[in-house]
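What follows is one structure encoded as structure tokens, with my remarks underneath.
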Amino acid sequence: MKVSQMALENKQPSERDSSNFGEWRGRFPYNDIISLLDVNRPFNLAESTSQDLSLGQLLDLPGLENIRDLKLGYSKSSGATELREAVADACKVPVEQVIATQGTALGLFLLTFEVCRPGDEAVLVTPCFPPSRDSLLGAGATVREVMLPFDNGYRIDIERIDANLSPRTKLISIASPQNPSGVQTSRADIEELLVLMDQKCPQALLFIDETYREATYGSDVIADSFAGLDMRIVTGASVSKALGAPGLRTGWLTVVDADLRSRLTVAKMNTVISGSVLDEILAAALLRNKEGVLASRRRLLAKALDELTIWCRGESKFIEWVRPNAGALCCLRLRSDVFDDVAVSRFWKLLPDHDLQLGSGTWFGESSRVFRLGFGYLPPERLGPALSALSSALNSAAA
Ligand SMILES: Cc1ncc(COP(=O)(O)O)c(C=O)c1O
């Protein structure tokens, strides 16, 4: 069976048999997270974004009154000035340090390909967003994984990162908050890591993926961006998650080092030439007006997280969970005293019968006993029914 056919099938990844498509010959590893682009079940608890913003909501924001006059030429090599200014403002860095990218995804790819040559080492904190690993593998880097355990609440482990650093290390890649867990890394931990990098791999860069940073709950404090904190730090983020506009395909890197910046801009030119000027102008308006857009989304996320907390308490005989610090996502685990391996596969097979969709832990380098639950994507009135459907699936699988 062709992979394109598979992606169109209305199946949960873990229900598929990878032997269906024989030996995978792609330069990048195959990962079933691609199904998220093609499958959208009524109780979609697999998505990591908050609710999708509509174009109408965006066009109603101030500053877009003359959008019809926009000339549809190429954008600038580093991105539209309005966009870079809005990012610079949000991240508190000079505008020159911002390179616009098509989503954080392109930033991740450009950085990896520019910095890591075959044989170079990269230290990757997992479980992680699959392209964070797969772009490194596609670039031919040797990936040294530091897997954070569920039982330790996915807290960063600086000692274990340190044990993997060497003069061959070119890149250290982490996300804060992490995908799939929504767990954040503190500034103290990053500062400690920078000191260790000084000793073991002074040439290495530290990539911090901040795609979920602003998806906070209610009035929770928003962690400052790590942008500009150190010459060796590159951050990446986008309008995709907290602001609900992944379809704009607009993100950015912040890069202090001017030499690296120009190498990345040339890499971008060789990949996509420039961003879409339309997307960039829309994203700039969204960022300029982000406080209003984020306020209502944060209220919704806080309510959804409260609802999920109560549900998790009620289902504690079946599942354990790690409460996230930010992001519309978190990790739950099927309890091993209730679900043996057969019951775990039964659970995944049952999901379509309950109109349910979840992110399998296996996408992120975790076990299939763990799943990512996205609690911010469904409209509020659909979350309760979706969680009830999940309760039914748990009950049936455990029986
Ligand atoms: C940690 C992380 N980084 C990057 C991305 C890519 O998102 P985008 O390219 O839409 O910014 C994702 C998407 O799920 C993600 O979870």
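In this text the structure is predicted, and so the values were computed from the model without any measurement. Reckoned from all heavy atoms, side chains included, excluding hydrogens, waters and symmetry mates. Remember, it's 1-based here, ligands and their atoms both numbered in the order they're listed. We're numbering straight along the sequence, starting at 1.
Counting the atoms of ligand 1 from 1 in the order shown, those under 4.0 Å from a heavy atom of Gly103 are 8 (P), 9 (O), 11 (O). Of all atoms in ligand 1, listed by their number and element, those nearer than 4.0 Å to a heavy atom of Arg249 are 8 (P), 9 (O), 10 (O). Of all atoms in ligand 1, numbered sequentially from 1 with element shown, those under 4.0 Å from a heavy atom of Asn179 are 1 (C), 14 (O), 15 (C), 16 (O).
Put simply, part of Lys241 is less than 4.0 Å from ligand 1, judged by heavy atoms.
Side-chain N or O atoms of Thr309 include one that pairs as donor or acceptor with a backbone N or O of Leu305 at under 3.5 Å.
Between Arg263 and Asp259 a salt bridge is recorded (basic side-chain N to carboxylate O distance below 4.0 Å). Ionic pairing of Glu214 and Lys290 is present here: one or more N-O contacts between side-chain nitrogen and carboxylate oxygen are shorter than 4.0 angstrom.
At least one N or O atom of Ser238, backbone or side chain, sits closer than 3.5 Å to an N or O atom of ligand 1.
Of the heavy atoms in Pro246, none comes closer than 4.0 Å to ligand 1. Of the heavy atoms in Thr104, both backbone and side-chain atoms come closer than 4.0 Å to ligand 1.
Ring-plane geometry between Phe339 and Phe347 is classed as perpendicular, the angle between the planes exceeding 60 degrees on a 0 to 90 degree scale with a lower cut at 30.
Of all protein heavy atoms, the one closest to atom 5 (C) of ligand 1 is Phe129 CE2, 3.3 Å. Of the protein's heavy atoms, Ser240 OG, 2.6 Å lies nearest to atom 10 (O) of ligand 1. Closest to atom 3 (N) of ligand 1, if we only count protein heavy atoms, is Asp209 OD2, 2.5 Å.
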*Step by step, work out the side chain to side chain contact (heavy atoms under 4.5 Å, CB included) result for Ile158 and Ile156.*
CA-CA 6 Å; Ile158 301 293; Ile156 194 109; 4.1 Å; yes
_Determine whether Trp311 and Ser391 satisfy the following criterion, side chain to side chain contact (heavy atoms under 4.5 Å, CB included), listing intermediate values before the conclusion._
CA-CA 9 Å; Trp311 181 85; Ser391 294; 2.9 Å; yes
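Shortest non-hydrogen contact noted between Leu329 and Gly182 is CD2-CA, 3.9 Å.
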